[in-house]
**Student:** 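Please read through the structure below; I'll follow up with questions.
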Amino acid sequence: MCNITDKPLDKKFYYQPTLELAKALLGCLLIKETPNGITSGIIVETEAYMGPADRAAHSFNNRRTMRTEIMYGNPGHAYTYSMHTHCLLNVVSGKTDEPEAVLIRGVEPYTGQNLMASRRPKAKNERQWTNGPGKLTKALGITMADYGHPLTESPLWIMEGRKIEATQIVSGPRIGIDNTGEARDYPWRFWLKGNKYVSK
DNA sequence: GGCAAGATTCCCT
DNA sequence: GGGAATCTTGCCC
């Protein structure tokens, strides 16, 4: 399928429209290097957050704070967000001053399974290592320290992975944003049909 | 400084 | 299915 020593995706990859990027990221390989070793997973589930017009987005109505600042810059950077006891990973998209992002909600383990297992002691099976946005960051060792990191460089990057046919991609409403009015129903969540590492 | 809320996960009344 | 866990951010409710 692919070799982990291959090159990261070029910066140009991130300059496509956010909804296109959310679909293009499916099948790509997300890689994280730590002192303990290297882990990677195939992206199987994403959600698009469409900036100022999207009530569910942190950058809704052009809200600009220390936390959302990275989304106003160039695409292709990591937007990590701390949620309760967990950390979530987004890929910044949209050009400068277009604060859009794609949330990574699920990956399929590819390399470093032993390390993932040790980082996810509560998981009862392999599937529970990475079938959720907070789980996959823990399994891969992604933390708030990765905020703003360019996804074209070590130690956290994305490269081409599995080829995905358009017919394998399914879309539907996003998850966990029930109190955001009409934005709740937008079909901006994308996943690979039948993949068991999809969160729901 | 303080407090409320949150794109979640885990465990149990 | 419901509530606790427990950290960061944002705004002063």
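Note on naming: letters A, B, ... go to the chains in the order of the sequence lines (proteins, then strands), and numbering restarts at 1 for each one.
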**Student:** Can you tell whether the side chains of A:Arg55 and A:Glu182 come within less than 4.0 Å, N to carboxylate O?
**Tutor:** no

**Student:** Using a 4.0 Å heavy-atom cut-off across all strands, classify A:Phe60 as base, sugar-phosphate, or nothing.
**Tutor:** nothing

**Student:** Any residue in residues 137-147 of chain A with a heavy atom nearer than 4.0 angstrom to DNA chain B? Just list them by number, or reply none.
**Tutor:** none

**Student:** Would you say the side chain of A:Cys87 lies within less than 4.5 Å of the side chain of A:Thr137, judging by non-hydrogen atoms?
**Tutor:** yes

**Student:** Does A:His84 stack onto the base of B:dT8, taking stacking as ring centres under 5.5 Å apart and planes under 30° apart?
**Tutor:** yes

**Student:** What integer distance in Å separates A:Arg105:CZ from B:dT8:C1'?
**Tutor:** 9 Å

**Student:** Which pair of non-hydrogen atoms, one from A:Leu192 and one from A:Ile164, has the smallest distance, and what is that distance?
**Tutor:** CD2-CG2, 3.6 Å

**Student:** Output the rounded distance in Å from CD (A:Glu45) to C1' (B:dA7).
**Tutor:** 12 Å

**Student:** Do any side-chain nitrogens or oxygens of A:Arg63 fall under 4.0 Å of OP1 or OP2 in C:dT9?
**Tutor:** no

**Student:** Send over the distance from A:Tyr81 OH to C:dT6 C1', rounded to a whole Å.
**Tutor:** 13 Å

**Student:** Which nucleotide, B:dA7, B:dT9, B:dC11, lies nearest any side-chain atom of A:Tyr79?
**Tutor:** B:dA7

**Student:** Would A:Leu26 and A:Thr46 satisfy side chain to side chain contact (heavy atoms under 4.5 Å, CB included), going step by step from the backbone distance to the final call?
**Tutor:** CA-CA 7 Å; A:Leu26 294 173; A:Thr46 61; 4.1 Å; yes

**Student:** When the distance from NE2 of A:His86 to C1' of B:dA7 is rounded to whole Å, what number comes out?
**Tutor:** 13 Å

**Student:** So, for A:Ile43 and A:Leu25, which heavy atoms are closest and what is the spacing to 0.1 Å?
**Tutor:** CB-O, 3.4 Å

**Student:** Are A:Asp146 and A:Lys32 ion-paired here, with the side-chain N under 4.0 Å from a carboxylate O?
**Tutor:** yes

**Student:** Compare side-chain N and O positions of A:Arg120 against OP1 and OP2 of B:dC10 and report whether any pair is under 4.0 Å apart.
**Tutor:** yes

**Student:** I want to confirm an ordering. Mapping A:Ala123 and A:Asn90 to their closest nucleotides on DNA chain B, which one lands closer to the 5' end?
**Tutor:** A:Asn90

**Student:** Would you kindly give the CE-to-P distance between A:Met83 and C:dA5, to the nearest whole Å?
**Tutor:** 16 Å

**Student:** Does the side-chain ring of A:Tyr49 sit on the six-membered ring of the B:dA7 base, less than 5.5 Å centre to centre and under 30° in tilt?
**Tutor:** yes

**Student:** Is it the case that the ring center of A:Tyr49 lies less than 6.0 angstrom away from the ring center of A:His58?
**Tutor:** no

**Student:** Specify the closest pair of heavy atoms between A:Ile104 and A:Val107, including all atoms of both residues, with the distance to one decimal.
**Tutor:** CG2-CG1, 4.0 Å

**Student:** Is A:Arg127 positioned over the aromatic face of A:Tyr197, cation under 6.0 angstrom from the ring centre and no more than 45 degrees off axis?
**Tutor:** no

**Student:** Give a yes/no on whether any side-chain N or O of A:Arg55 is located under 4.0 angstrom from OP1 or OP2 of B:dA7.
**Tutor:** no

**Student:** Would you say the side chains of A:Glu100 and A:Ser59 form a donor-acceptor pair under 3.5 Å?
**Tutor:** no

**Student:** Say we look at C:dG3 and C:dC7: how far apart would their P atoms be, to the nearest angstrom?
**Tutor:** 22 Å

**Student:** So, for A:Ala48 and A:Ala22, which heavy atoms are closest and what is the spacing to 0.1 Å?
**Tutor:** CB-CB, 4.3 Å

**Student:** Quick one: stems involving DNA chain B, counted as three or more successive Watson-Crick or G-U pairs, both distances short of 3.5 Å.
**Tutor:** B:1-6 with C:7-12, B:8-12 with C:1-5

**Student:** Rounded to whole angstrom units, what separation is found between the CZ atom of A:Arg67 and the C1' atom of C:dC7?
**Tutor:** 12 Å

**Student:** Taking the nucleotide of DNA chain C with the nearest heavy atom to each, does A:Thr85 or A:Met66 sit closer to the 5' end?
**Tutor:** A:Thr85

**Student:** Taking the nucleotide of DNA chain B with the closest heavy atom to each, which residue, A:Leu88 or A:Lys124, is nearer the 5' end?
**Tutor:** A:Leu88

**Student:** Could you identify which residues of residues 168-199 of chain A place a heavy atom less than 4.0 Å from some atom of DNA chain B, listed by residue number, or say none?
**Tutor:** A:Gly176, A:Ile177, A:Asn179

**Student:** Apply side chain to side chain donor-acceptor pair (under 3.5 Å) to residues A:Asn74 and A:Thr96 and explain how you reach the verdict.
**Tutor:** CA-CA 5 Å; A:Asn74 291 330; A:Thr96 303; 2.6 Å; yes

**Student:** Can you tell me the distance, in whole Å, between the CG atom of A:Leu103 and the P atom of B:dG6?
**Tutor:** 17 Å

**Student:** In plain terms, say whether A:Glu160 and A:Lys7 are close enough for a salt bridge, that is, a side-chain N and a carboxylate O under 4.0 Å apart.
**Tutor:** no

